[in-house]
Amino acid sequence: MGTVFSFDIRGAGVPLTALEEAIRWLHRMDAMFSTYRADSEISRMDRGEIAPSDCSPEVREVLGLAAEAGERSSNYFSTSINGRLDPSGMVKGWAIEKVSIFLRNAGSTVHALNGGGDIQFVGLPAPARPWTIGVASPFQPRTLATTVSGPTTGADFAVATSSTAERRLHVVDPFTGRPATTLASITLTGERLTVVDAYATAALAMGEAARDWIEQLPGIEAFAVTADGRSWHTCQFPLHRPSQEPAPRANPASVGQCEENRRHESGLRDCAAGPRP
Amino acid sequence: MRRVILTIAATITGLVLLLGFKTHPIAQAVPDPTSSAVSPPAASPSIPSPSAASPSATAPTAAAPAGGVQTFIGTAVNTRYGPVQVQVTVTGSKITGVTALQVPSESGRDQQINSYAVPQLTQEVLAAQSAQVDMVSGGTYTSEGYLASLQSALDQAGIH
C-alpha cells in the first residue's frame, strides 16, 4: 500500500512490546493484501489460483466488509478496479481501526493513529479539549481547506479524506470506469474508521450526489472541495470554531481562508431547514 | 511536532519501520552542532526537492517581521535506511520553511518514497503549525527520522 502510518500515543500504559506487535501485524496485513505483491492472497485470488474460502480469516473479513460497503453505497464502493480485485479502499481504514482496538486493549486511553491522512482518534488529547484536525487543501500544498473538531465527550472519532490528488490511489467511478473528477477531495467524519474510510472512497466516486447520500447516513458527515474550487459540507459536519482564537496572523493563505469561511456560512444557511439543532 | 509523545512511523510496504521518542532521538544520532546560518529572504517558498544536496534557504514572500529570518539545521539522524537531516527556516517565531538536506536515496524505492513522503511531511509541519491542529487529514505522511531531525532543529530555534 505504500502508506506511512504514524501513531500519536498520549498518556501512559502501552508497553513497547504491544506497539511492536501492532507494527508486525500491519506488515503481515500488507503481505496478505498488497496488490503489488504477486504472492499476496489478493493477487493469487485475482489470478483465480485460490478461492475466498482458501483465504485467511482477515481477507475474508475485509472482503465481507467491502461487499457490505458496496451495498450501502449503491455500489460506488467497489473492490473491482478496472477488472482487477483491489480491496485497498477498505484495507487501510480497517487495519488502523484494528490497531486502535488492539492498543486500547493493551491499555491505551488516548491516541491518534494516522495512515496516510486517514485517522482514528480515541479519548481526549488534553483535559476538556477535543482533537483538532486540519483538512489538507487538495489544491494548495501547505494550506488547510478547513479544520475539524472531535467530540468534546472523548468518544471515538474517525476522519478520512479521499482526494483525486492522491498519487497512488486513483478513485474510479465503477459505473464508467473513469477517474472520478467532480470532487477534488471529500472528508468524512464518524466514529469508526473502517466505514468512514470506505465511504470516503465511495463518496469521491459518487461526486456531487455524495452530499445527499451522506446527509441521510446517521453519524457520518462530509466536507467536500469541488474540482472548481467551491466547498460544501453536510449540516452537522463538526467544523472547528475556535472560541478564543487570537487575532489572525497575516499570511498569504488568509485571503483564501476568508473566502472559505464565507462559503461555510452560505453552506450553513442552506442547512437551516435541515436537521441542524 | 507539538505534543507528539511517541511517534512510530512505518510504511506498510516494509521499507520504513522506525521507533523513536521525541526527547531521546535514535541512539546512533550523530551530533551536528551546525546552526544559525542566517540567510537573507530570497527564494519564494517552495516544496523542497528531496534530493537537494545542499542547504537551500526558503523564505517567506511576505516582509519578515522584526525577528528576522533564521535557519536551523537539525541533527543528522541515522536510520536503518540512511541518514535523515532537515533544516527549518524560522521567521520571528514561526516556521516558514522546512527543507530535507539528507534523506535515504540508495535505492530506487527510497527515491520513490522520498518523492512523495518528504513534500508531504513538509506540508504537514507547516500546516499543523499554522492552524494549531493535532493532525492533518488527507495526504499526511510522517517518518521518525524526519521528525527527530526536525525536533533538534526546533530545539535550536527555541520553538516548541
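No hydrogens, no waters, no symmetry mates; every other heavy atom, side chains included, goes into these values. Every chain is numbered from 1 and lettered A, B, ... according to where its sequence line falls, protein lines coming before strand lines.
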A.B. asks: Scan I133(A), I119(A), L144(A) and name whichever one has a side-chain contact (heavy atoms from CB on, under 4.5 Å) with V136(B).
C.D. replies: L144(A)
A.B. asks: Please lay out, stage by stage, how R10(A) and D134(B) fare under the test side-chain contact (heavy atoms from CB on, under 4.5 Å).
C.D. replies: CA-CA 12 Å; R10(A) 306 185 187 200; D134(B) 295 305; 3.8 Å; yes
A.B. asks: With side chain to side chain donor-acceptor pair (under 3.5 Å) as the criterion, how do T161(A) and S137(B) come out once you've worked through the C-alpha distance, each side chain's angles and the decisive distance to 0.1 Å?
C.D. replies: CA-CA 6 Å; T161(A) 298; S137(B) 179; 2.6 Å; yes
A.B. asks: From M135(B) CE over to D118(A) CG, what is the distance, rounded to the nearest 0.5 angstrom?
C.D. replies: 12.0 Å
A.B. asks: Considering only heavy atoms, which portion of A22(A) lies under 4.5 Å from any heavy atom of chain B: side chain, backbone, both, or neither?
C.D. replies: neither
